[in-house]
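Notes for the one structure printed next.
Note that this is a predicted model, so its numbers are computed, not measured.
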Amino acid sequence: MRRVRYESTGGPLFVEEAPVPEPGPGELLIRCAAVGVTLPVVRKVTEAAEPIALGGEIAGEVVSAGEGVTRFRPGDQVTGMCFGHGYADFALLHEAMTSPIPDGADAVDAIALVRSGLVAFGALEAARPVPGEAVLVTAAASGVGHLAVQLARARGAGRVVGAVSDPGKADFVRSLGADDCIQYGDDRWGDPVDCVLDAVGGDLLTPALTALAPHGRLVSYSSGGGTIQAYDLLVGAKSVIGFQMALIARGRPDLYEQWRQELWRLFSEGTLKPAVHAEFTLEDAARAHEAIERRANLGKVVLRP
């Protein structure tokens with residue numbers, strides 16, 4: 001089978017031939033039909049001290065199952081998080097991290113919706129918005145951000161604002177239901193908001209915190225880092241909350257499943273419309289990473305083995 005790998009920090013990425021893996025206890029062998037490309041994986045390639053297996057979101061057909069698997073069988077269409085090599089023709093999923101793709105949806109729908117949607121859903125839950133409150137979403141055109149904008153609107157936000165790096169993304173963000181779209185470099189980010197869902201971090205934390213009204217909540221769900229002064233929280237009684245989807249998946253599988261089912265419900269009724277920016281072959285994985293690095297994507301970036 002084909003597999004994408006790299007040998008030193010920063011790449012380059014290349015395709016190699018590798019044996020098809022064998023599923024161990026509790027594992028499923030998946031014939032990959034779609035693979036999600038995410039900023040955390042791109043950052044690990046460029047920043048990690050040692051090469052990592054390019055894993056992440058995958059969707060496809062169950063080929064075989066390891067000992068102890070009870071929920072799935074060959075032929076089932078599934079999606080899940082791969083912690084090994086996922087940029088490949090075949091990959092392994094742990095049964096606990098796997099969920100079915102419902103009728104009427106396909107592998108690309110699953111990649112665009114499930115993992116990114118779960119992060120968006122969970123970040124919004126962590127912000128505890130009250131109907132009528134204003135919500136600002138940074139990286140609003142990204143795979144997670146474009147779903148967060150739609151979810152905020154669906155949950156009754158009184159005003160939804162998208163923040164983007166490029167003015168060329170504004171029309172896309174407004175088409176998702178945002179009332180306004182601002183750029184990171186703007187002097188002011190408009191009227192104060194009650195919640196900020198931040199996927200950028202770093203230097204953007206200061207203006208994002210400034211955008212909050214008194215008693216506002218900022219939820220950080222990125223790995224971008226950054227520093228906040230305690231005084232900036234005290235003067236407005238503001239809160240900063242960290243959110244990581246992996247902790248929910250491992251520690252609250254019941255909640256993970258509840259959120260997943262709600263996402264598919266919203267998808268089926270047309271309330272949530274995941275967007276795919278572009279599809280790339282495994283041989284073009286470097287171009288897919290470049291699109292993410294340049295923040296050029298409007299929606300999800302997908303590999304199609």
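The existence of a salt bridge linking R174 and D179 is excluded, since no basic side-chain nitrogen approaches an acidic carboxylate oxygen closer than 4.0 Å.
Taking 4.5 Å as the limit, every side-chain heavy atom of T9 sits out of range of all side-chain heavy atoms of T46. Using a 4.5 Å cut-off on side-chain heavy atoms (C-beta onward), F83 and L93 make no contact. Side-chain contact check for I241 versus S220: every heavy-atom pair is 4.5 Å or farther apart. H215 has its side chain out of reach of K238: every pair of non-hydrogen atoms, C-beta onward, lies at least 4.5 Å apart. With a 4.5 Å cut-off on side-chain heavy atoms, V137 and V161 do not count as touching. Using a 4.5 Å heavy-atom threshold, the side chains of E95 and T70 count as touching. Two residues are said to be in side-chain contact when any heavy atoms from C-beta on lie closer than 4.5 Å; D76 and E61 fail this criterion. Looking at heavy atoms from C-beta onward, L209 lies in side-chain contact with I228 at the 4.5 angstrom threshold.
Follow the hydrophobic side-chain contacts under 4.5 Å out from V62 and you never reach M97; the two are in separate clusters. Tracing side-chain contacts under 4.5 Å through hydrophobic residues (I, L, V, M, F, W, Y), one never reaches L303 starting from V276; they form parts of separate clusters. Residues L204 and V196 share a hydrophobic cluster, clusters being chains of Ile/Leu/Val/Met/Phe/Trp/Tyr side chains in contact below 4.5 Å. When the side chains of ILVMFWY residues are joined at heavy-atom separations under 4.5 Å, either directly or via intervening members, M245 and L124 end up in a single hydrophobic cluster. One hydrophobic cluster, built from ILVMFWY side chains closer than 4.5 Å, cannot hold both V144 and V302; they sit in different ones.
When every heavy atom of I101 is checked against every heavy atom of A107, the shortest pair comes out as CD1-CA, 4.1 Å. In terms of heavy atoms, P305 sits closest to R2 at C-NH2, 3.4 Å. Of all heavy-atom pairs between P51 and Y6, the closest is CA-OH, 3.3 Å. Annotation for V41 and G55: closest pair CG2-O, 3.8 Å, computed over non-hydrogen atoms. Between G162 and A140, the shortest heavy-atom distance links the atoms CA-CB, 3.6 Å. In terms of heavy-atom proximity, D194 sits nearest to A213 at OD1-CB, 4.5 Å.
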Just do the side-chain contact (heavy atoms from CB on, under 4.5 Å) check on D232 and T210 with the steps written out, would you? CA-CA 8 Å; D232 294 336; T210 301; over 6 Å; no

May I have the step-by-step check of side chain to side chain donor-acceptor pair (under 3.5 Å) for T138 and D198, ending in yes or no? CA-CA 5 Å; T138 67; D198 179 46; 2.8 Å; yes

Can you check side-chain contact (heavy atoms from CB on, under 4.5 Å) on V114 and W264, steps first, answer last? CA-CA 8 Å; V114 177; W264 281 121; 3.6 Å; yes

Hey, mind stepping through N297 and I292 against side-chain contact (heavy atoms from CB on, under 4.5 Å) and telling me if it holds? CA-CA 6 Å; N297 55 304; I292 297 291; 4.1 Å; yes

Could you go through E17 and R3, starting from their C-alpha distance and side-chain angles, then the distance that decides it, and tell me whether this counts as salt bridge (Lys or Arg N to Asp or Glu O under 4.0 Å)? CA-CA 6 Å; E17 287 294 322; R3 181 175 72 183; over 6 Å; no

Worked verdict on K273 versus F267 for side-chain contact (heavy atoms from CB on, under 4.5 Å): CA-CA 6 Å; K273 299 177 181 178; F267 171 81; over 6 Å; no

Can you check salt bridge (Lys or Arg N to Asp or Glu O under 4.0 Å) on K300 and E57, steps first, answer last? CA-CA 11 Å; K300 195 69 177 177; E57 314 150 313; 2.9 Å; yes

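By the salt bridge (Lys or Arg N to Asp or Glu O under 4.0 Å) test, R128 pairs with no residue at all, sequence neighbours left out. Judged as a salt bridge (Lys or Arg N to Asp or Glu O under 4.0 Å), and not counting sequence neighbours, D109 has no contacts. With sequence neighbours excluded, the residues forming a side-chain hydrogen bond (donor to acceptor under 3.5 Å, both in side chains) with R265 are E262, E269, listed by chain and number. With sequence neighbours left out, F280 forms a ring pair (Phe, Tyr, Trp, His ring centres under 6.0 Å) with no residue at all. Residues satisfying the salt bridge (Lys or Arg N to Asp or Glu O under 4.0 Å) test with E293, not counting sequence neighbours, are none. Residues passing the side-chain contact (heavy atoms from CB on, under 4.5 Å) test with R252 are I248, D254, L255, sequence neighbours excluded.
Expressed to the nearest 0.5 Å, how far CZ of R295 lies from CG of L298 amounts to 13.5 Å. The distance from atom CZ of R155 to atom OG1 of T271, rounded to the nearest 0.5 Å, is 13.5 Å. The line from CG of L118 to OG of S99 is 8.0 Å long, rounded to the nearest 0.5 Å. In this structure, L147 CG and L176 CG are separated by 8.5 Å, a value rounded to the nearest 0.5 Å. The CZ atom of R159 sits 8.0 Å away from atom CG of D180, with the distance rounded to the nearest 0.5 Å. Interatomic distance, L197 CG to L218 CG, rounded to the nearest 0.5 Å: 8.0 Å.
In the displayed structure, E16 atom CD is contacted under 6.0 Å by more than 12 heavy atoms of other residues, nucleotides or ligands. Heavy atoms from other residues, nucleotides or ligands lying under 6.0 Å from CG of D203 number 12 at most. A 6.0 Å sphere centred on NE2 of H94 holds no more than 12 heavy atoms belonging to other residues, nucleotides or ligands. For R250, the CZ atom counts as loosely surrounded, since its 6.0 Å shell holds 12 or fewer non-hydrogen atoms of other residues, nucleotides or ligands.
Using a distance-only test at 3.5 Å, with no hydrogens or angles considered, no donor-acceptor pair links the side chain of S116 to the main chain of L113.
Sorted by first and then second residue, the pairs that involve residues 286-305 and meet ring-ring contact (aromatic ring centres under 6.0 Å, His included), not counting sequence neighbours, are Y87-H289. Pairs passing the ring-ring contact (aromatic ring centres under 6.0 Å, His included) check and including a residue from residues 99-124, sequence neighbours excluded, read F121-W259. The list of ring-ring contact (aromatic ring centres under 6.0 Å, His included) pairs with a residue in residues 176-206, not counting sequence neighbours, is empty. Among residue pairs with one or both ends in residues 129-170, none qualify as ring-ring contact (aromatic ring centres under 6.0 Å, His included); sequence neighbours excluded.
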Please tabulate, one pair per line, all N/O donor-acceptor pairs under 3.5 Å involving side-chain atoms of residues 129-136, not counting sequence neighbours.
unit_1: E133; atom_1: OE1; unit_2: V130; atom_2: N; d: 3.0
unit_1: E133; atom_1: OE1; unit_2: R217; atom_2: NH2; d: 2.8

Determine all donor-acceptor pairs shorter than 3.5 Å in which one atom belongs to a side chain in residues 20-39; sequence neighbours excluded.
unit_1: E27; atom_1: OE1; unit_2: G24; atom_2: N; d: 2.7

